[in-house]
Amino acid sequence: MFVGFDIGGTTIKYGVLNEQGEILEKAAIKTSYVVEELLGDMEQIVVKAQANYDIEGIGISAPGIIQKDGYMLTAGAIKPLYGMNLKQALEQRCQLPVSIENDANAAALAEKWIGNAQGIDNYLCMVLGTGIGGGIVLNGEVFRGAHGMAGEFGWMVIDQLPEQGDIEEVSVNKKVATVGGLCYQYNLAQQKNNPQAEPVWDARELFAREAAGEVLATEILAAFFVDLSVTLINLISCFDPEVILVGGGISANEAFTQRLQETLSTVKARHESIHYLEGKTIAPVRTAKLQNDAGMIGAVYQIYQQVTG
């Protein structure tokens, strides 16, 4: 048995999983931004699990640029973890082997283990959330790049550069992420019309406003799906994957999936080379299977592989 952690900026999801990737029990706690408290919380969870199960190892999924030895160059919104080796710190406390993986890489690995990438050796996984997470699997292995930074799809720039200031304003993160992109763009446009307008941080509210006939929501959503389609075409062109799996909470919405496929088809039809190869070599875009449990499952897959060799 293994303990899996999926560390997020707001909550830490955790569970006990078996060797088949099945979650035997799971729960969540609030993420502490005090390192000693965070480590203490994780240690207590492991100790409680050991009271009921024979725990062989610990798998961690976390945001940020994480090197193979567990050193965290960045950690998303969790600034106190920058420059820390979380793997070593937890191994010292729990006296168990620990594996740590970037959250998008972990999601990609989970899909390979028991999800929609089983039997596929070359694929991409894109996670739509506050930002954009990306996992690259080449020849059956996660590709991390020279510094653990590969898969930062959200940093790509897909629009005309502003004349000055931060060019990440036209990055994939600011255009295509669910919260930091879709909702962000809506709030910017809304405040131009009405500076007193309450910001919206739930994509479901934008779909509801579009359904009610709001012009602004309709325009922002249309642009969002085009930008997402352009991003996917860029990734297909660069990596030639067998499939791209799209995950994150919004991907569970059937209306989202249908709208994406429709827009993607329209955009691909306008790209002469892509259009010519459609049905021959162009990777399909599908929904990831494991949704909110993917990070935890993928983290355990890594430690399971490490322990069983």
Quiz prompt | From CD (Glu219) to OH (Tyr186), nearest 0.5 Å | solution = 10.5 Å

Quiz item: Going hydrophobic residue to hydrophobic residue with side-chain gaps under 4.5 angstrom, can you get from Leu109 over to Ile303?
Solution: yes

Practice problem: State, with a plain yes or no, whether a side-chain heavy atom of Asn18 is found less than 4.5 Å away from one of Leu24. | Solution: yes

Exercise. Calculate, to the nearest 0.5 Å, the distance between atoms CG and CD1 belonging to Leu90 and Ile100 respectively.
Key: 9.0 Å

Self-check item: Test: Lys280 cationic atom under 6.0 Å from Tyr276 six-membered ring centre, within 45° of axis
Solution: yes

Quiz item: Counting N and O atoms only, with roles assigned by atom type, does the side chain of Thr11 sit under 3.5 Å from a partner on the main chain of Lys13, one being a donor and the other an acceptor?
Solution: no

Quiz item: Above 12 or not: heavy atoms from other molecules or residues under 6.0 Å from CZ of Arg209?
Solution: yes

Exercise. Could you tell me which non-hydrogen atom of Ala106 sits nearest to which non-hydrogen atom of Gly295, and how far apart they are?
Key: CB-O, 3.6 Å

Quiz item: Just checking, is any N or O donor in the side chain of Gln302 or Ser99 under 3.5 Å from an acceptor N or O on the other one?
Solution: no

Quiz prompt | Interatomic distance, Asp240 atom CG to Asn122 atom CG [nearest 0.5 angstrom] | solution = 8.0 Å

Exercise. Could you check Thr231 against Met156 for side-chain contact (heavy atoms from CB on, under 4.5 Å), going step by step and ending with a plain yes or no?
Key: CA-CA 8 Å; Thr231 301; Met156 294 189 296; 3.8 Å; yes

Quiz prompt | Among Lys87, Arg93, Gln88, the one residue meeting side chain to side chain donor-acceptor pair (under 3.5 Å) with Glu91 | solution = Lys87

Quiz item: If you take all heavy atoms of Gly8 and Ile78, which pair is closest and at what distance?
Solution: O-CD1, 3.7 Å

Quiz item: What pairs with Asn292 under side-chain hydrogen bond (donor to acceptor under 3.5 Å, both in side chains), at least two apart in sequence or on another chain?
Solution: none

Quiz item: Can any side-chain N or O of Ser251 pair as donor or acceptor with the backbone N or O of Gly248 at less than 3.5 Å?
Solution: yes

Exercise. Apply side-chain contact (heavy atoms from CB on, under 4.5 Å) to Leu182 and Leu206, showing your working.
Key: CA-CA 9 Å; Leu182 173 59; Leu206 299 191; 3.6 Å; yes

Quiz item: If you look at every heavy atom in Ile132 and Gly154, which pair is closest and at what distance?
Solution: CB-CA, 3.8 Å

Quiz prompt | Validation row: Leu216, Ile220 side chains within 4.5 angstrom (heavy atoms) | solution = yes

Quiz item: Of all heavy-atom pairs between Ala110 and Leu290, which one has the smallest distance, and what is that distance?
Solution: O-CD1, 3.3 Å

Practice problem: Test salt bridge (charged side-chain N to carboxylate O under 4.0 Å, His left out) on Glu101 and Lys68 and set out the steps. | Solution: CA-CA 8 Å; Glu101 185 62 87; Lys68 203 166 184 180; over 6 Å; no

Practice problem: Would you check if Lys175 and Ile158 make a side-chain contact, meaning some heavy-atom pair closer than 4.5 Å? | Solution: yes

Quiz item: Going by heavy atoms in the side chains, are Ile167 and Pro162 under 4.5 Å from each other?
Solution: yes

Self-check item: Under the ring pair (Phe, Tyr, Trp, His ring centres under 6.0 Å) test, residues paired with Tyr301 that sit two or more places apart
Solution: Trp113

Practice problem: Hey, could you give me the NE2/CG distance between His271 and Leu277, rounded to the nearest 0.5 Å? | Solution: 10.0 Å

Exercise. Check for a donor-acceptor pair, side chain of Asn187 on one end and backbone N or O of Val200 on the other, with a separation under 3.5 Å.
Key: yes

Practice problem: Please round to the nearest 0.5 Å and tell me the distance separating atom CD1 of Ile66 and atom CG of Asn105. | Solution: 8.5 Å

Quiz item: Judged by atom type as modelled, is there a donor-acceptor pair below 3.5 Å linking the side chain of Glu242 to the main-chain atoms of Asp121?
Solution: yes

Quiz item: Got a salt bridge between Lys268 and Glu278, using NZ or NE/NH1/NH2 to carboxylate O under 4.0 Å?
Solution: yes

Quiz item: Heavy atoms, side chains only, cut-off 4.5 Å: are Val127 and Asp103 in contact?
Solution: no

Quiz item: Is it true that Val246 and Ile274 fall in one hydrophobic cluster, defined by side-chain heavy atoms closer than 4.5 Å?
Solution: yes

Quiz item: Any side-chain heavy atom of Tyr33 sitting closer than 4.5 Å to one from Thr31?
Solution: yes

Self-check item: Nearest atoms (heavy-atom pairs only) where Trp201 meets Cys183
Solution: C-SG, 3.7 Å

Quiz item: Any chance CD of Glu141 has more than 12 other-residue heavy atoms, nucleotides or ligands included, within less than 6.0 Å?
Solution: no

Quiz prompt | Under the side-chain hydrogen bond (donor to acceptor under 3.5 Å, both in side chains) test, residues paired with Glu169 that sit two or more places apart | solution = Tyr184

Quiz item: If you round to the nearest 0.5 Å, how far is CG of Leu245 from CG of Asn116?
Solution: 6.0 Å

Practice problem: Locate the shortest heavy-atom distance separating Val179 from Thr130; write the atom from each residue and the value. | Solution: CB-CA, 3.8 Å

Practice problem: Spell out, as yes or no, whether a donor-acceptor pair under 3.5 Å connects the side chain of Asp6 to the backbone of Ile60. | Solution: no

Quiz item: Do the non-hydrogen side-chain atoms of Ile58 and Phe5 ever get within less than 4.5 Å of each other?
Solution: yes

Exercise. List for me each residue that meets ring pair (Phe, Tyr, Trp, His ring centres under 6.0 Å) alongside Phe256, sequence neighbours excluded, and say none if there are none.
Key: Phe225

Exercise. Only pairs at least two apart or in different chains count here, so list each salt bridge (Lys or Arg N to Asp or Glu O under 4.0 Å) that has a residue in residues 291-305.
Key: Lys26-Asp293

Practice problem: Tell me, with the steps shown, if Cys125 and Val137 meet side-chain contact (heavy atoms from CB on, under 4.5 Å). | Solution: CA-CA 8 Å; Cys125 187; Val137 176; over 6 Å; no

Quiz item: Has the side chain of Gln67 got a donor or acceptor atom that lies under 3.5 Å from a matching backbone atom of Met72?
Solution: no

Quiz item: Would you call Tyr14 and Met42 a side-chain contact if the rule is heavy atoms closer than 4.5 Å?
Solution: no

Self-check item: Single-linkage hydrophobic cluster, 4.5 Å side-chain cutoff, Ile65 and Phe153 together
Solution: no

Quiz item: So, Gln191 side chain and Pro199 main chain: donor-acceptor pair closer than 3.5 Å or not?
Solution: no

Quiz item: What about Val176 and Phe207, same hydrophobic cluster or not, with Ile/Leu/Val/Met/Phe/Trp/Tyr joined at side-chain heavy-atom distances under 4.5 Å?
Solution: yes

Quiz item: Is Glu168 reaching over with its side chain to a backbone N or O of Ser171, donor-acceptor style, under 3.5 angstrom?
Solution: no

Quiz item: Judged by atom type as modelled, is there a donor-acceptor pair below 3.5 Å linking the side chain of Gln118 to the main-chain atoms of Gly115?
Solution: yes

Quiz item: Under 6.0 Å from the CD atom of Gln20, do we count more than 12 heavy atoms belonging to anything else shown?
Solution: yes

Practice problem: Please report the C-alpha distance between Asn173 and Trp155 in whole Å, then the side-chain angles of each, then the deciding distance to 0.1 Å, and finally whether the side-chain contact (heavy atoms from CB on, under 4.5 Å) criterion is met. | Solution: CA-CA 6 Å; Asn173 273 334; Trp155 291 357; 3.8 Å; yes

Practice problem: Using only heavy-atom distances, determine whether the side chains of Gln258 and Glu254 contain a donor-acceptor pair under 3.5 Å. | Solution: no

Quiz item: So, does Asn102 use its side chain to make a donor-acceptor pair with the main chain of Gly64 at under 3.5 Å?
Solution: yes

Quiz item: Is there a path of hydrophobic side-chain contacts, each under 4.5 Å between heavy atoms of I, L, V, M, F, W or Y residues, that connects Val3 with Leu96?
Solution: yes

Can you give the donor-acceptor pairs under 3.5 Å from side chains of residues 46-57 to other protein atoms, not counting sequence neighbours?
| residue | atom | partner | partner atom | Å |
| --- | --- | --- | --- | --- |
| Tyr53 | OH | Glu25 | OE1 | 2.9 |
| Glu56 | OE2 | Met1 | N | 3.4 |

